[in-house]
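Step one of this worksheet: look at the structure below.
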Number of protein chains: 2
Amino acid sequence: MPVDARPDLTLCHCLAVRQAARHVTRFYDQFLAPSGLRTTQFSILAKLRRAGSETITTLARDLVMDRTTLGRNLRPLEREGLIAIGKGSVDQRSREVRLTEAGAARLRAGIARWIEAQGGFETVFGNRRSSSLRALLSAVSAVDFGAASADMS
Amino acid sequence: MPVDARPDLTLCHCLAVRQAARHVTRFYDQFLAPSGLRTTQFSILAKLRRAGSETITTLARDLVMDRTTLGRNLRPLEREGLIAIGKGSVDQRSREVRLTEAGAARLRAGIARWIEAQGGFETVFGNRRSSSLRALLSAVSAVDFGAASADMS
DNA sequence: GCGATATACTTGCATATGCTCCTAATTAGG
DNA sequence: CCTAATTAGGAGCATATGCAAGTATATCGC
């Protein structure tokens, strides 16, 4: 590459993944709307059903989300009684988050819609490409950027 | 698949792309921070440099972003004098957004950091996989979900 | 030309995102 | 034990995200 060449900013991986996230989120949210859940909320409830009970920190790590972000995202769910948050049994600092009955019911309603969204996505994008994409995205989310981080302090 | 089988929610494409977006954004933002730009702002300025001048609606479409979201995202940039917004010459309703000199300078500073981030990403994720990923993400962003939309009104 | 329709944008609302700084509880060293 | 470093979580700040509803301008039909 010539020294003077302007780098091609259209090749930005960050922009690509953010644009796709916006586009796909709007699609899924459209389906989930009747259930009264957003994709983020749906993901949280789904994760809780699998995990049973988790602290905010571990749940945040599972969802590749900042702790403080998750803490706030839990608020609307708790307000609606879809989750319950109690003190951690071993560590008094931590808080255990668990799915309530109402939350499980809401999740079931959401799942019916999610199946449509997921199916719709795969129909238009193709099963093969969908699988490839999800595999690559999972790999990205699992990457440890620590070694290449800007801040080495 | 058995009728009673619970669908595997961990295969959600929406969750996958959102998690990846969060993870990658944090990585790029770390690098961009010294330039005083966030990835979203960097993308907007970069787009404006290429486009020269665009209305909010077309710019939003280019960035796969809601018009109202973009409208608000422009505010901090205008406040800092990195962009200028004037009335559209042909259509009086529209507003033309363009890069200022200060914006171009800021963008140049950001590009230096972006190169590090982009390079770091490709180093840890691999050039081949990075290319495949970006291609798939571009395809996703270009998909017209209209036909498979939940709302057919 | 005028009323109907469409388009460009803004505002209000609610959630999403993560950083920095703070407090409380835990754990490590001595 | 008791202090120091660590960890779990919250609060404040700023931006990001998009829907619904509203206003202003353009364009279409006649």
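We use all heavy atoms of the structure for the numbers below, so side chains are in, but hydrogens, waters and symmetry mates are not. All chains are named by letter (A, B, ...) in the order of the sequence lines, taking the proteins before the strands, and each is independently numbered beginning at 1.
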For B:Arg50, does the CZ atom sit with more than 12 other heavy atoms under 6.0 Å from it, leaving out its own atoms? no
Using whole Å, report how far [atom1] of [X] lies from [atom2] of [N].
X: B:Leu15; N: C:dA16; atom1: CG; atom2: P; result: 13 Å
X: A:Leu59; N: D:dA8; atom1: CG; atom2: P; result: 14 Å
X: B:Glu78; N: C:dC9; atom1: CD; atom2: P; result: 13 Å
X: A:Leu77; N: C:dA16; atom1: CG; atom2: C1'; result: 12 Å
X: A:Glu96; N: D:dA8; atom1: CD; atom2: C1'; result: 12 Å
X: A:Leu37; N: C:dA14; atom1: CG; atom2: P; result: 17 Å
X: B:Leu32; N: C:dG18; atom1: CG; atom2: P; result: 15 Å
X: B:Asp29; N: D:dA14; atom1: CG; atom2: C1'; result: 12 Å

Under 3.5 Å donor-acceptor pairs involving side-chain atoms of residues 73-87 of chain A, not counting sequence neighbours:
residue	atom	partner	partner atom	Å
A:Glu80	OE1	A:Arg106	NH2	2.9

With a 4.5 Å heavy-atom cut-off, do A:Leu99 and A:Arg49 have their side chains touching?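 Result yes, sub-4.5 Å side-chain heavy-atom pair found.
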So do the side chains of B:Lys47 and B:Glu54 get within less than 4.5 Å of each other, counting heavy atoms only?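 In short, these two side chains touch, coming nearer than 4.5 Å.
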Across nucleotides 18-27 of chain D, 5' to 3', mark each nucleotide with B, S or - according to how protein heavy atoms within less than 4.0 Å reach it. BBB---BBS-
Select one nucleotide: of D:dA11, D:dA16, C:dT15, the one nearest the side-chain heavy atoms of B:Gln41.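 For the B:Gln41 side chain, the nearest candidate turns out to be D:dA16.
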Ignoring hydrogens and angles, state whether a donor on the side chain of A:Thr55 or A:Thr58 is under 3.5 Å from an acceptor on the partner side chain.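 A donor-acceptor contact under 3.5 Å links the two side chains.
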Any side-chain donor near an acceptor of the partner, A:Ser130 and A:Glu122, under 3.5 Å: no
Would you say [X] places a side-chain N or O within less than 4.0 Å of OP1 or OP2 belonging to [N]?
X: B:Arg18; N: C:dT15; answer: no
X: A:Ser94; N: C:dA25; answer: no
X: B:Asn73; N: D:dT17; answer: yes

Anything under 3.5 Å between a donor and an acceptor, one on a side chain of residues 132-142 of chain A, the other on a protein residue two or more places apart or in another chain? List them.
residue	atom	partner	partner atom	Å
A:Ser132	OG	A:Arg128	O	3.0
A:Arg134	NH1	B:Leu11	O	3.4
A:Arg134	NH1	B:His13	ND1	3.4
A:Ser138	OG	A:Arg134	O	3.0
A:Ser141	OG	A:Leu137	O	3.2
A:Ser141	OG	B:Ala20	N	3.2

Nearest-nucleotide wise, let me know which of B:Ile85 and A:Pro76 is further upstream toward the 5' end of DNA chain C. B:Ile85
If you pin B:Thr58 and A:Thr39 to their nearest nucleotides in DNA chain C, which one's is more 5'?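 Comparing both residues, the 5'-ward one is B:Thr58.
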